[in-house]
Amino acid sequence: LYLDKAFETDPDYSLAWSLQGDLYRLENMPEAAIEAYTKAIENSHNKSRDLIQRARLYMQLAQYEQAQHDVDNLKKITPGHPEADFVQGLLYLAQNNSLEAQESLEHCLRKSPDHMLATYYLGVVHFTRGNMEQADRYLSSHMDDNPGSINGRKLLALVKLRLGDYISTENLIDPVVKSRPDDTIALNSLADSMFYQGKIDELMPVLKESAAHQPDSASAQTRMGIGLLLQGEEEAAIDSLESAIEIDPGHKTSDMLLVLHYLHTQQYDKAQQAADAFTEKQPDNPIAHNLVGKSYFVQGQEAQATEAFEKARRLDPGNIYTCRNLAILALRQSDTERARALFHEALEHNEGHLTTMSLLAALEEREGNYKAM
């Protein structure tokens, strides 16, 4: 109502158009917001704020060329301003250019050390690149300045999980779950932290809650299957794992766990069936062929096991476990040269792998090659 009156008085009033853009943005109407910010930019001497907002909306719509055009104009209008570096960093991040994003965001922080969002997004950049120590540092700094940040808390919890700090993960994510009981990312992080701490009794209610909110999630059903296995509820666990496989035939974890469970419980026929089904769904997955080989191996069917392991080896040359299994089979047939070659192949692809070097050293000792050992 008040904006309508403002436009009646002055249809080119830039502040009114800027506010109109803000309202459309809050109502999740990006195209309408862009039009309003464009009007504000056309009729304003201080265009920087509206250029920033419009650039971020262009990013939201994946219109990166238009967003870059706004960022370039922002740099011309406010040369050296930290906000220009910040928006440029976001644009690089949106296009998966993590190195450039990191550089721009670091420029922003050098000019504005208290820029909380730049600190947060630097944490995001390092997380996506697998630099967990750096992600921990930036996100912890962000949380120190902004303890109410839900996104910061959730991402820092994931970082702590990757770093093996499960108690910190639980402490960070538990308040999020309590305030947002339907937040599946938070529920999964809490479940993982409890699993690694061995809190099985506390884990199951969280897994059930997560699965209830994600009935069509293979990952949720797989987690439920793991939890049920830990509680000794075998039939229910198998039902959950099979549900995960039905939901997403490409979700390899469920197939793998099902085969390993049958192997562990010495249900070899079922293990073989599950492994064969795995390879039918994912014929190019070396893990599937390795499990087929393992199923044959424990049943003493060495020729079939060798054939399956060789398929896995062709798909993933130098795989440690494939080469090790084939080497063991070669040693059973007294083919020392083949076993030695397989261990060396594994080391060519996994330099310095301790267990493989130990096995190779034991082989050389058995053969009396003490210098090689």
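Scope of the values below: all heavy atoms of this structure, side chains included, with no hydrogens, waters or symmetry mates. Index from 1, following the sequence.
- Closest approach of Lys111 to Pro82, counting heavy atoms only: CB-CB, 4.0 Å.
- In terms of the ring pair (Phe, Tyr, Trp, His ring centres under 6.0 Å) criterion, Tyr58 has no residue partners (sequence neighbours excluded).
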Are Asp22 and Arg49 close enough, and set up right, to give a salt bridge (charged side-chain N to carboxylate O under 4.0 Å, His left out), and what steps lead you there?
CA-CA 11 Å; Asp22 292 344; Arg49 178 190 179 278; 2.7 Å; yes
Worksheet entry | Chi angles and distances behind the side chain to side chain contact (heavy atoms under 4.5 Å, CB included) call for Gln266, Tyr268 | CA-CA 5 Å; Gln266 299 183 1; Tyr268 298 134; 3.4 Å; yes
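- Of all the heavy atoms in Met204 and Met224, the pair that sits closest is CE-SD, 3.7 Å.
- Taking the six-membered ring where tryptophan is involved, the planes of His142 and Tyr120 are tilted, since the angle between them lies from 30° to 60°.
- To the nearest 0.5 angstrom, Leu172 atom CG is 5.5 Å from Arg153 atom CZ.
- Between Leu331 and Arg366, some side-chain heavy-atom pair lies under the 4.5 Å cut-off.
- Within a 6.0 Å sphere centred on NE2 of His69, other residues, nucleotides and ligands contribute 12 heavy atoms or fewer.
- Using cut-offs of 30° and 60° for the angle between ring planes, the His115 and Phe86 rings count as tilted.
- Defined by atom type and a distance below 3.5 Å, a donor-acceptor pair is present between the side-chain atoms of Asn46 and Ser48.
- At most 12 heavy atoms of other shown residues, nucleotides or ligands fall within 6.0 angstrom of atom CZ in Arg180.
- Note on Tyr138 and Met116: separate hydrophobic clusters, where clusters join Ile, Leu, Val, Met, Phe, Trp and Tyr whose side-chain heavy atoms are under 4.5 Å apart, directly or indirectly.
- Using a 4.5 Å heavy-atom threshold, the side chains of Glu364 and Arg340 count as touching.
- A 4.5 Å side-chain heavy-atom check between Gln197 and Thr169 finds every atom pair outside the cut-off.
- Judged purely by atom type and a 3.5 angstrom limit, Thr279 has no side-chain atom pairing as donor or acceptor with the backbone of Ala288.
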- Message: side chain to side chain contact (heavy atoms under 4.5 Å, CB included), that's the test. Do Phe278 and Leu258 meet it? Break it down for me.
- Response: CA-CA 10 Å; Phe278 191 5; Leu258 194 60; over 6 Å; no
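- The closest side-chain donor-acceptor pair between Lys75 and Gln88 falls under 3.5 angstrom.
- The residues Glu345 and Arg313 are annotated as salt-bridged, a charged nitrogen and a carboxylate oxygen being separated by less than 4.0 angstrom.
- In this structure, the side chains of Leu359 and Thr355 come closer than 4.5 Å at one or more pairs of heavy atoms.
- Taking 4.5 Å as the limit, every side-chain heavy atom of Thr78 sits out of range of all side-chain heavy atoms of Glu83.
- In summary, the side chains of Asp70 and Gln66 do not present any donor paired with an acceptor at a separation below 3.5 Å, with no hydrogens or angles considered.
- When only modelled atom types and interatomic distance are considered, Arg129 and Gln134 share no side-chain donor-acceptor pair under 3.5 Å.
- Side-chain polar atoms of Asp85 and His107 form no donor-acceptor pair below 3.5 angstrom.
- Both Leu90 and Leu139 are members of a single hydrophobic cluster when ILVMFWY side chains are connected at heavy-atom separations under 4.5 Å.
- Taking 4.0 Å as the cut-off between side-chain N and carboxylate O, Arg338 and Glu310 count as a salt-bridged pair.
- A salt bridge is absent between Glu42 and Lys47: the closest approach of a Lys/Arg side-chain nitrogen to an acidic carboxylate oxygen does not fall below 4.0 angstrom.
- Tyr13 shares a hydrophobic cluster with Leu15; the chain of contacts runs through ILVMFWY side chains whose heavy atoms sit under 4.5 Å apart.
- Of all the heavy atoms in Val292 and Ala275, the pair that sits closest is CG2-O, 3.5 Å.
- No more than 12 heavy atoms of other residues, nucleotides or ligands sit less than 6.0 Å from atom CD1 of Ile167.
- One finds no salt bridge joining Arg54 and Asp50 here, because no Lys/Arg side-chain nitrogen approaches an Asp/Glu carboxylate oxygen to under 4.0 Å.
- Note that the OG atom of Ser44 and the CD1 atom of Ile41 stand 8.5 Å from one another [nearest 0.5 Å].
- Side-chain contact check for Ser149 versus Met143: some heavy-atom pair is nearer than 4.5 Å.
- Hydrophobic clustering (side-chain heavy atoms under 4.5 Å, transitive across Ile, Leu, Val, Met, Phe, Trp, Tyr) keeps Tyr296 apart from Leu342.
- For the pair Asp183 and Lys154, the salt-bridge criterion is met [side-chain N within less than 4.0 Å of a carboxylate O].
- Contact check for Asp284 versus Leu315: side-chain heavy atoms found under the 4.5 Å cut-off.
- Hydrophobic cluster membership is shared by Met194 and Val177, with clusters built from Ile, Leu, Val, Met, Phe, Trp and Tyr side chains linked at under 4.5 angstrom.
- With respect to the salt-bridge test (charged N to carboxylate O, under 4.0 angstrom), the residues Lys160 and Glu170 do not qualify.
- In terms of hydrophobic clustering, with Ile, Leu, Val, Met, Phe, Trp and Tyr side chains grouped at heavy-atom distances under 4.5 Å, Phe343 and Met357 are assigned to a common cluster.
- For Ile185, the CD1 atom is loosely surrounded, since the number of other residues' heavy atoms within 6.0 Å does not exceed 12.
- In summary, the side chains of Gln20 and Glu35 do not present any donor paired with an acceptor at a separation below 3.5 Å, with no hydrogens or angles considered.
- Rounding to the nearest 0.5 Å gives a distance of 11.0 Å between CG of Leu156 and OG of Ser141.
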- Item | Step-by-step side chain to side chain contact (heavy atoms under 4.5 Å, CB included) determination, Ile34 to Leu61 | CA-CA 11 Å; Ile34 285 171; Leu61 297 173; 3.6 Å; yes
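- Counting heavy atoms of neighbouring residues, nucleotides and ligands inside a 6.0 Å radius, atom OH of Tyr262 exceeds 12 of them.
- Residues Val71 and Ala84 come closest through the heavy atom pair CG1-O, 4.3 Å.
- The minimum heavy-atom distance linking Tyr64 with Met59 is given by the pair CE2-O, 3.9 Å.
- Checking each of Leu326, Ile287, Asn290 against Asn319 for a side chain to side chain contact (heavy atoms under 4.5 Å, CB included) leaves exactly one that passes, namely Asn290.
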Side chain to side chain contact (heavy atoms under 4.5 Å, CB included) between Lys311 and Arg314, intermediate numbers included = CA-CA 5 Å; Lys311 286 180 182 177; Arg314 286 194 292 273; 3.2 Å; yes
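- Minimum interatomic distance between Cys108 and Ala118 (heavy atoms only, all atoms of both residues): SG-CB, 3.8 Å.
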How far apart are the C-alpha atoms of Gln304 and Gln299, what are their side-chain angles, what is the distance that settles it, and do they pass the side chain to side chain donor-acceptor pair (under 3.5 Å) test?
CA-CA 10 Å; Gln304 294 93 324; Gln299 296 177 81; over 6 Å; no
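- With a 4.5 Å cut-off on side-chain heavy atoms, Phe297 and Asn325 do not count as touching.
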For Glu209 and His213, what are the C-alpha separation, side-chain angles and deciding distance, and is it a side chain to side chain donor-acceptor pair (under 3.5 Å)? CA-CA 6 Å; Glu209 189 73 20; His213 288 295; 3.0 Å; yes
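- Counted within 6.0 Å of OH on Tyr196, heavy atoms from surrounding residues, nucleotides or ligands total 12 or fewer; the atom is thus considered open.
- Taken to the nearest 0.5 Å, the OG atom of Ser98 stands 9.5 Å off from the NE2 atom of His126.
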- Query: Going through the checks in order, is the ring-ring contact (aromatic ring centres under 6.0 Å, His included) test met by His289 and Phe309?
  - Reply: CA-CA 6 Å; His289 292 287; Phe309 288 138; over 10 Å; no
